[in-house]
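Here is the structure we will look at, set down as structure tokens.
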2 protein chains.
Amino acid sequence: MIKSLTRKQQEVFDFLLQNQDKFPHPPTLEELCACMGLKSRGSLHNHIKALINENLIEAPERKQRGIRLTNYAKEMINHSDDQSSLPFVGIIAAGKPIEAVENITYMAIPEQLKTQKPCYILKVKGDSMIEQGIYDGDWVIIEQRSYARNGEIVVALINKAEATLKFIEQYPHETLLIPANSAMEAMHYNPEQVEIQGVLVGQMRSYTKNH
Amino acid sequence: MIKSLTRKQQEVFDFLLQNQDKFPHPPTLEELCACMGLKSRGSLHNHIKALINENLIEAPERKQRGIRLTNYAKEMINHSDDQSSLPFVGIIAAGKPIEAVENITYMAIPEQLKTQKPCYILKVKGDSMIEQGIYDGDWVIIEQRSYARNGEIVVALINKAEATLKFIEQYPHETLLIPANSAMEAMHYNPEQVEIQGVLVGQMRSYTKNH
DNA sequence: CTTCCTTGTTCTTTATTTGTTCTCGTGCTA
DNA sequence: TAGCACGAGAACAAATAAAGAACAAGGAAG
């Protein structure tokens with residue numbers, strides 16, 4: 001994904017990273033030249049073009065002082081220390097394995113929707129929890145955990161193959177996975193068939209439908 | 001702050017920020033010109049117009065000494081570091097005024113749940129949108145807007161007194177506010193009775209129930 | 001109320017800055 | 001040698017900025 005930057009390109013990128021706050025507004029090529037010890041805008045511009053190609057910075061055509069880091073670039077450096085964002089890792093559709101997304105992205109999440117423990121985000125496909133207000137296309141925030149109390153909503157892996165989001169009821173010789181959709185039936189398993197991968201702690205939905 | 005000010009525009013804005021208290025009255029264009037080292041009011045006025053466009057300052061038409069910072073701008077500078085958070089301003093329960101919370105708090109919100117326009121957060125009380133998956137205790141993200149298209153979910157102020165969250169249908173002589181709850185009836189109003197305060201763009205729910 | 005100066009607004013014209021593209025030269029390496 | 005990274009500089013076009021003229025509305029003084 002990240003094609004190798006040349007030495008100078010990396011240098012320019014690092015400089016932009018480290019100084020993104022220091023500039024009240026993005027620098028001009030000339031200013032950047034001065035910082036990097038160059039005498040020619042043209043030379044610098046080549047490096048800028050390379051970084052744009054790599055999707056690390058964006059610079060609206062001809063716009064002055066338009067150089068900005070891409071969200072993509074910010075993620076690369078931020079999410080490690082940014083405790084408010086959680087990784088969006090995949091799509092869960094009842095009866096299938098979790099479909100991992102190609103590029104993990106990070107979403108800012110309010111404190112109220114997560115827990116102290118590690119959490120991650122899935123997108124829900126299907127209507128099996130519709131009566132709990134979890135709709136097709138919603139995001140859910142999942143606390144990573146391998147156990148659950150009865151009545152919690154869990155991400156369960158069945159027979160090490162299919163993942164699903166359901167209410168759980170665990171009894172000595174039986175585990176029930178119960179959808180919140182009266183058109184669907186509860187499913188009965190032996191406890192060892194069901195592996196809990198996480199517990200639902202939050203849910204989100206966009207009404208602007210571009211996702 | 002993702003807006004694109006040119007260098008001079010930023011300079012003017014910064015100056016206004018830093019000197020908002022120093023002037024007994026807002027400065028005239030001429031005074032500002034002097035401060036910024038300009039000889040022509042016309043030049044400065046262009047920058048002023050740009051700032052007004054960005055909703056950073058407001059200047060009543062033709063009013064002398066009318067330049068003021070927008071509330072939006074004041075919010076900006078307090079939260080310029082975390083552009084991903086939105087203010088949680090109150091609780092909306094059908095049939096009551098919006099109950100403002102005493103201390104406005106800010107919640108981190110993922111990009112996907114908001115729009116480019118200013119947004120704020122309300123907590124929902126009641127079941128009137130339950131069939132749309134919006135439950136009692138959910139948070140909703142509202143884009144501040146005074147108009148809406150038919151079929152959108154809006155925060156509507158009725159008779160300048162009661163606020164409610166409903167589907168809206170607007171016709172020449174009638175405005176309908178329609179709940180998503182088959183136990184409730186659609187409400188009919190004269191268009192002038194209904195004032196739109198915002199449009200639903202996102203929804204969130206916590207399953208850890210401490211809020 | 002009328003008059004006059006101030007101030008905000010709009011235009012046109014001109015100048016300066018900045019992004020972009022090219023060409024050319026230098027060194028380094030396979 | 002050919003290919004590559006890198007830099008300098010020229011030349012051009014677009015964006016930005018400034019100045020100044022002209023006009024209209026505001027507000028103060030009489």
Side-chain angles (χ1 to χ4, degrees), chain A residues 1-20 22-70 73, chain B residues 1-20 22-70 73:
Chain A
M1 154 74 40
I2 310 152
K3 265 190 315 197
S4 54
L5 297 180
T6 67
R7 194 175 60 244
K8 200 65 185 186
Q9 287 162 9
Q10 185 74 46
E11 202 176 306
V12 172
F13 181 58
D14 287 345
F15 181 85
L16 288 173
L17 271 188
Q18 291 172 10
N19 296 284
Q20 49 174 331
K22 303 224 176 79
F23 289 103
H25 27 271
T28 64
L29 289 188
E30 198 107 36
E31 289 168 346
L32 261 186
C33 276
C35 296
M36 319 254 36
L38 296 180
K39 294 180 182 171
S40 157
R41 277 173 292 162
S43 320
L44 179 62
H45 191 254
N46 284 328
H47 301 139
I48 296 293
K49 273 196 295 190
L51 293 176
I52 292 175
N53 263 334
E54 294 296 333
N55 196 27
L56 291 172
I57 64 177
E58 47 196 355
E61 190 89 350
R62 285 250 158 230
K63 181 90 168 116
Q64 294 181 192
R65 299 181 166 271
I67 295 177
R68 286 193 170 66
L69 294 180
T70 338
Chain B
M1 87 171 62
I2 316 288
K3 61 189 180 302
S4 61
L5 295 183
T6 67
R7 171 160 49 182
K8 204 66 187 187
Q9 288 161 10
Q10 183 79 45
E11 209 174 294
V12 172
F13 180 61
D14 288 346
F15 181 84
L16 288 173
L17 266 189
Q18 292 172 8
N19 296 285
Q20 47 177 329
K22 303 221 177 81
F23 288 103
H25 310 293
T28 65
L29 288 189
E30 199 105 36
E31 289 168 345
L32 262 185
C33 275
C35 296
M36 317 250 51
L38 295 180
K39 295 179 184 171
S40 157
R41 277 172 293 159
S43 319
L44 179 62
H45 191 257
N46 283 329
H47 301 140
I48 296 293
K49 273 196 297 190
L51 292 176
I52 292 175
N53 259 334
E54 295 292 340
N55 196 27
L56 290 172
I57 63 177
E58 47 197 355
E61 189 89 351
R62 289 250 160 231
K63 180 86 167 112
Q64 296 177 191
R65 297 180 171 275
I67 295 177
R68 286 198 170 64
L69 294 181
T70 350

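Here is how names work: the chains are called A, B, and so on, in the same order as the sequence lines, proteins then strands, and each is numbered from 1.
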Might you work through the side chain to side chain contact (heavy atoms under 4.5 Å, CB included) test for A/L32 and A/I67, ending with a clear yes or no?
CA-CA 11 Å; A/L32 261 186; A/I67 295 177; 4.1 Å; yes
Between B/K63 and B/E58, is there a salt bridge with N-O shorter than 4.0 Å?
no
Review item, nucleotides 7-11 of chain C N/O atoms under 3.5 Å of protein N/O:
unit_1 : atom_1 : unit_2 : atom_2 : d
C/dG8  : OP1    : B/R65  : N      : 3.2
C/dG8  : OP2    : B/L29  : N      : 2.7
C/dG8  : N7     : B/R41  : NH1    : 2.6
C/dG8  : O6     : B/R41  : NH1    : 3.0
C/dG8  : N2     : B/R62  : NH1    : 3.4
C/dG8  : N2     : B/R62  : NH2    : 3.1
C/dG8  : N3     : B/R62  : NH1    : 3.0
C/dT9  : OP1    : B/R62  : N      : 3.2
C/dT9  : OP2    : B/H45  : NE2    : 2.8
C/dT9  : O5'    : B/H45  : NE2    : 3.3
C/dT9  : O4'    : B/R62  : NH2    : 3.4

Between P on C/dT17 and NE2 on A/H25, what's the gap in Å once rounded to a whole number?
15 Å
Side chain to side chain contact (heavy atoms under 4.5 Å, CB included) between B/T6 and A/Q64, intermediate numbers included
CA-CA 8 Å; B/T6 67; A/Q64 294 181 192; over 6 Å; no
Which sits closer to the 5' end of DNA chain D, B/Q9 or A/H47, going by the nucleotide each is nearest to?
A/H47
Walk along DNA chain D from 5' to 3' and tell me the first and last nucleotide with an atom closer than 4.0 Å to a non-hydrogen atom of chain A.
D/dA5 to D/dT16
Is B/L16 close to B/L56 at the side-chain level, that is, under 4.5 Å between some pair of heavy atoms?
no
Between C/dT29 atom C1' and A/R7 atom CZ, what is the distance in whole Å?
13 Å
Please lay out, stage by stage, how B/K49 and B/N46 fare under the test side chain to side chain contact (heavy atoms under 4.5 Å, CB included).
CA-CA 5 Å; B/K49 273 196 297 190; B/N46 283 329; 3.8 Å; yes
If you apply the rule side chain to side chain contact (heavy atoms under 4.5 Å, CB included), what do you find for B/R7 with B/Q10, and how did you get there?
CA-CA 5 Å; B/R7 171 160 49 182; B/Q10 183 79 45; 5.7 Å; no
Just so I know, are the side chains of B/E31 and B/R65 near enough to count as touching, which here means a heavy-atom distance under 4.5 Å?
yes
Ignoring hydrogens, what is the shortest heavy-atom contact between A/I57 and A/T70? Give both atom names and the distance.
N-OG1, 3.1 Å
